[in-house]
There are 2 protein chains.
Amino acid sequence: MRLSRYFLPVLKETPSEAQIVSHRYMLRAGMIKQASAGIYSWLPLGYKVLKRIEQIVHDEQVRAGHIPMLMPTLQSADLWRESGRYDDYGQEMLRIKDRHDRDMLYGPTNEELITDIFRSHVSSYKDLPLTLYHIQWKFRDEIRPRFGVMRGREFLMKDGYNFDLTKEDALHAYNRHLVSYLRSYERMGLQAIPMRADGGPIGGDYTHEFLVLAETGESEVFYDSEITDLKFGDRAIDYDSVEQCQAVLEEFTSRYARTDETHDEALFNLIPEARRRNARGIEVGQIFYFGTKYSDAMNATVQGPDGKATPVHMGSHGIGVSRLLGAIIEASHDDRGIIWPEGVTPFHCGIVNLKTGDAEADAACEAIYAALTALGLEPLYDDTDERAGGKFATMDLIGLPWRITVGPRGLKNGIVELTSRRTGESVELPPEQAIERIAQIYGKAV
Amino acid sequence: MRLSRYFLPVLKETPSEAQIVSHRYMLRAGMIKQASAGIYSWLPLGYKVLKRIEQIVHDEQVRAGHIPMLMPTLQSADLWRESGRYDDYGQEMLRIKDRHDRDMLYGPTNEELITDIFRSHVSSYKDLPLTLYHIQWKFRDEIRPRFGVMRGREFLMKDGYNFDLTKEDALHAYNRHLVSYLRSYERMGLQAIPMRADGGPIGGDYTHEFLVLAETGESEVFYDSEITDLKFGDRAIDYDSVEQCQAVLEEFTSRYARTDETHDEALFNLIPEARRRNARGIEVGQIFYFGTKYSDAMNATVQGPDGKATPVHMGSHGIGVSRLLGAIIEASHDDRGIIWPEGVTPFHCGIVNLKTGDAEADAACEAIYAALTALGLEPLYDDTDERAGGKFATMDLIGLPWRITVGPRGLKNGIVELTSRRTGESVELPPEQAIERIAQIYGKAV
């Protein structure tokens with residue numbers, strides 16, 4: 001993308017309403033604009049990151065054998081009356097009346113709707129196991145929305161639901177989700193720690209929350225410092241293998257890691273003191289096994305191998321897709337702006353032309369732009385006539401992990417500059433080598 | 001995808017509520033399930049087609065130089081009061097009160113919100129031309145929703161908005177949209193004819209509607225039969241070229257083609273009688289130029305080259321993404337089910353194993369499945385133990401354009417059967433050649 005043809009309304013001043021760094025930078029980098037309280041428009045740059053995160057979540061769910069679909073945003077109140085949650089949910093549920101005065105609501109979650117789909121179409125244990133998921137906008141009418149997309153009212157969430165014949169099968173589904181979530185967060189450049197948590201309005205006492213450590217986190221967390229050394233990494237996993245998935249669960253949840261809701265001081269104190277950590281965390285996902293809570297209430301049964309109707313064992317599993325943008329920025333920024341991990345960056349590389357209008361500089365930039373594009377990468381080329389200082393400030397603010405700087409002086413010696421946003425380190429090298437380095441970083445064959 | 005691990009709840013019986021063929025087949029093929037009146041869940045198969053259509057629309061908009069973003073589903077009523085449309089819109093607008101009793105609405109369209117984004121961030125003619133678009137769920141509270149996704153209440157729409165300094169520039173944006181729409185529909189296997197139409201609640205008297213001819217269409221249309229011979233095809237186009245885009249507009253709109261709203265019997269009768277056609281059509285898109293209607297009302301101005309503030313010229317341009325599934329099926333089906341055009345098919349090819357459990361047949365199917373997958377294609381492999389007749393009926397119903405049938409008898413002679421869903425023609429050939437043919441059809445190098 002050429003910046004002269006893009007819509008990137010960066011702000012020089014810090015908007016006064018933003019209390020935390022991710023909100024400030026998302027506004028300043030032209031990623032979002034508030035439409036009304038807790039409701040945001042995703043400007044082009046923010047939208048690109050949102051789509052990249054969404055794609056990672058899709059990839060990893062499909063890899064785990066889970067099936068994508070899409071439920072609507074608005075739901076009839078009837079199903080929620082059937083489960084008993086219509087009255088329980090309180091004022092965070094946005095209740096709506098349509099023109100025929102029917103009670104509707106903007107879905108805050110989808111256990112009822114998916115259970116209704118399941119019971120309408122599945123009647124035999126032979127169709128199990130089954131895990132369906134979708135990524136859809138949700139609404140929770142927060143009384144005091146704040147922190148930008150971190151605690152908005154309209155938010156994008158992945159929610160998945162497993163249906164299994166037995167508790168054992170459902171716990172395997174739970175483990176599959178844990179593994180796929182670890183992979184998803186790592187691909188986004190995040191360390192999200194599974195912590196023992198509380199069921200809340202979803203229900204179930206078998207649940208883990210995934211938390212990203214950050215000073216601005218809303219949750220107080222307690223953990224054994226050894227847990228931050230764990231990485232899922234590149235290891236191969238067979239999602240059908242009960243043993244392999246169970247082993248990952250044990251590896252990642254056997255050390256003490258709890259939110260304040262489930263914190264147990266006595267257990268915590270059994271950890272050697274040097275390893276005890278008390279910090280703050282941002283919740284970016286949660287997995288639940290809740291047994292037959294909804295299938296009992298809504299009569300979602302299958303015929304088992306013995307011919308008897310048996311309620312299915314279920315769980316639900318969520319990733320806060322839009323909130324992840326905030327979490328990533330909270331975890332990865334400096335005083336000049338955002339530092340995107342390569343896995344979610346909106347553009348793979350910035351190209352700064354130090355002297356737009358200079359024939360040689362223009363041609364070199366165009367050649368680099370064309371070469372990167374031909375590799376299947378998306379560079380952002382600042383071809384405007386702003387001065388160099390302004391161009392650097394914008395690139396630093398929007399946080400592209402790599403920048404190629406092109407100017408007449410360097411070109412005289414056949415070189416351009418390649419700069420890492422994270423370390424600030426620059427190397428001078430011929431354009432072809434800069435392109436090669438970028439290709440390597442993103443795993444593209446030159 | 002292996003059918004044994006998929007969720008494809010096909011129905012044997014035709015649901016009584018479905019009045020038109022696309023609605024019937026979408027229900028029977030397990031593509032959608034009604035969640036409440038005019039609101040649908042997209043089951044896995046339907047979701048896949050929806051995503052393919054969405055991707056074509058994205059591709060062609062980006063190709064035309066238009067910039068993707070995303071606005072929220074819920075909007076504050078304030079902006080609609082500013083434009084004057086809050087009261088005008090009537091009961092089709094779903095009005096909502098949040099917990100603080102603020103007036104909100106579920107966006108039926110986005111002229112106000114995008115104009116607000118524009119005026120907040122753009123102040124100079126140097127930032128023009130600018131076209132922003134998004135693909136987002138909308139809601140119109142139809143009094144009598146019907147025809148499945150063709151006239152639902154919650155629906156997915158692409159809406160784009162151009163901002164230009166002059167009427168001439170805005171008409172070029174209009175033409176760009178016309179070209180990009182022609183390309184989009186053709187990639188979906190559809191012929192959608194641009195017809196002179198009426199502005200309706202969006203406003204503007206410069207507007208074309210795109211209509212797909214189908215007996216079940218809601219609009220009566222009148223046209224010169226020569227228009228159905230026009231194809232955009234593979235021709236190269238420079239979207240920056242005013243002349244090229246204008247030439248396409250002239251080519252595709254100079255012949256008589258109007259909906260009943262703008263039909264002019266006298267003009268129509270000037271066409272030779274043999275070429276006069278009166279038919280029905282399904283509206284799948286509309287483009288508008290409406291000048292400064294919203295920029296005047298909402299004070300969206302830029303500083304022109306002369307230093308004076310001038311209201312921007314705008315247009316809006318919509319494609320009904322979810323409704324297109326219905327339109328494509330109306331245009332492409334037979335009495336056994338859907339016939340997907342290759343451009344939007346949910347799976348590229350079906351593989352039917354005539355004798356699941358037979359070692360040779362299983363191995364041959366697995367090899368074909370692996371080969372097609374390695375080519376970047378998505379086959380649907382029916383590995384269930386249903387009898388052959390049932391497998392064929394399902395494949396015909398869900399409408400995959402190509403089917404490879406594998407059985408022990410053919411394998412003895414080294415052959416499988418490749419069948420075209422559209423023509424019903426089958427050829428027998430070795431598995432490698434069947435794979436090659438499928439690869440060719442989808443433009444993949446073997």
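Just so we're on the same page: letters track the sequence lines, and every chain starts at 1.
In this structure, no portion of B:Val62 lies under 4.5 Å from any heavy atom of chain A. With a 4.5 angstrom heavy-atom cutoff, A:Leu79 does not touch chain B via any of its atoms. For B:Leu50, the part sitting under 4.5 Å from any heavy atom of chain A is the side chain, from C-beta outward, and nothing else. Proximity to chain A (any heavy atom under 4.5 Å) is shown, for B:Met1, by neither the backbone nor the side chain. For chain A, the nearby part of B:Leu113 is the side chain; its heavy atoms alone come within less than 4.5 Å. With a 4.5 angstrom heavy-atom cutoff, A:His66 does not touch chain B via any of its atoms. There is no contact between A:Ile114 and chain B, counting heavy-atom distances below 4.5 Å. For B:Asp78, no part lies under 4.5 angstrom from a heavy atom of chain A. For chain B, the nearby part of A:Ile67 is the side chain; its heavy atoms alone come within less than 4.5 Å. Heavy atoms of B:Tyr106 lying under 4.5 Å from chain A belong exclusively to its side chain. Of the atoms belonging to A:Gln91, heavy atoms from both backbone and side chain fall under 4.5 Å from chain B. Interface remark: B:Lys97 contributes backbone atoms only to the contact with chain A (heavy atom separation under 4.5 Å). For B:Leu74, the parts lying under 4.5 angstrom from a heavy atom of chain A are both the backbone and the side chain.
Shown here is B:Asp385, whose CG atom has no more than 12 heavy atoms of other residues, nucleotides or ligands within 6.0 Å.
Under the 3.5 Å distance criterion, the side-chain polar atoms of A:Asp169 are left unmatched by any main-chain donor or acceptor of A:Asp164. Listed for the A:Arg28 side chain is no donor-acceptor partner under 3.5 Å among the backbone atoms of A:Leu397. At distances below 3.5 Å, at least one donor-acceptor pair connects side-chain atoms of A:His172 with backbone N or O atoms of A:Tyr239. For A:Glu154 (side chain) and B:Thr73 (main-chain N/O), a donor-acceptor pair under 3.5 Å exists by modelled atom type.
Under the 4.5 Å side-chain criterion, counting only non-hydrogen atoms from C-beta, B:Pro379 is in contact with B:Thr373. Residues A:Arg323 and A:Phe155 fail the side-chain proximity criterion, which asks for heavy atoms closer than 4.5 Å. Within the 4.5 Å cutoff, no side-chain heavy atoms of A:Tyr6 are placed close to those of A:Thr384. A:Asp98 places a side-chain heavy atom less than 4.5 Å from the side chain of B:Arg153. Counting heavy atoms from C-beta on, the side chains of A:Lys158 and A:Glu54 never come closer than 4.5 Å. Using a 4.5 Å heavy-atom cutoff, the side chains of B:His100 and A:Ile143 are in contact. Contact check for A:Trp42 versus A:Leu325: side-chain heavy atoms found under the 4.5 Å cut-off.
With values rounded to the nearest 0.5 angstrom, B:Tyr381 atom OH is found 14.5 Å from B:Phe347 atom CZ.
Of the listed residues (B:Gly65, B:Pro44, B:Pro72, B:Ser76), the one with the most heavy-atom contacts under 4.5 Å to chain A is B:Pro72. Chosen from B:Ser4, B:Pro9, B:Gly46, the residue pairing most often with chain A at heavy-atom distances under 4.5 Å is B:Pro9.
For a heavy-atom cut-off of 4.5 Å, chain A lies close to B:Leu130, B:Leu132, B:Gln136, B:Trp137, B:Phe139 in residues 125-139 of chain B. Within residues 33-41 of chain A, the residues having any heavy atom less than 4.5 Å from a heavy atom of chain B are, in residue-number order, A:Lys33, A:Ala35, A:Ser36, A:Ala37, A:Ile39, A:Tyr40, A:Ser41.
In this structure, A:Glu378 does not pair ionically with A:Lys51, as no charged nitrogen and carboxylate oxygen lie closer than 4.0 Å. The existence of a salt bridge linking A:Glu112 and A:Arg81 is excluded, since no basic side-chain nitrogen approaches an acidic carboxylate oxygen closer than 4.0 Å.
Under the 3.5 Å distance criterion, with hydrogens and angles disregarded, no donor-acceptor pair is assigned to the side chains of A:Gln303 and A:Ser123.
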Quiz item: So A:Met104 and B:Leu94, side chain to side chain contact (heavy atoms under 4.5 Å, CB included) or not? Walk me through it.
Solution: CA-CA 11 Å; A:Met104 314 273 299; B:Leu94 186 65; over 6 Å; no
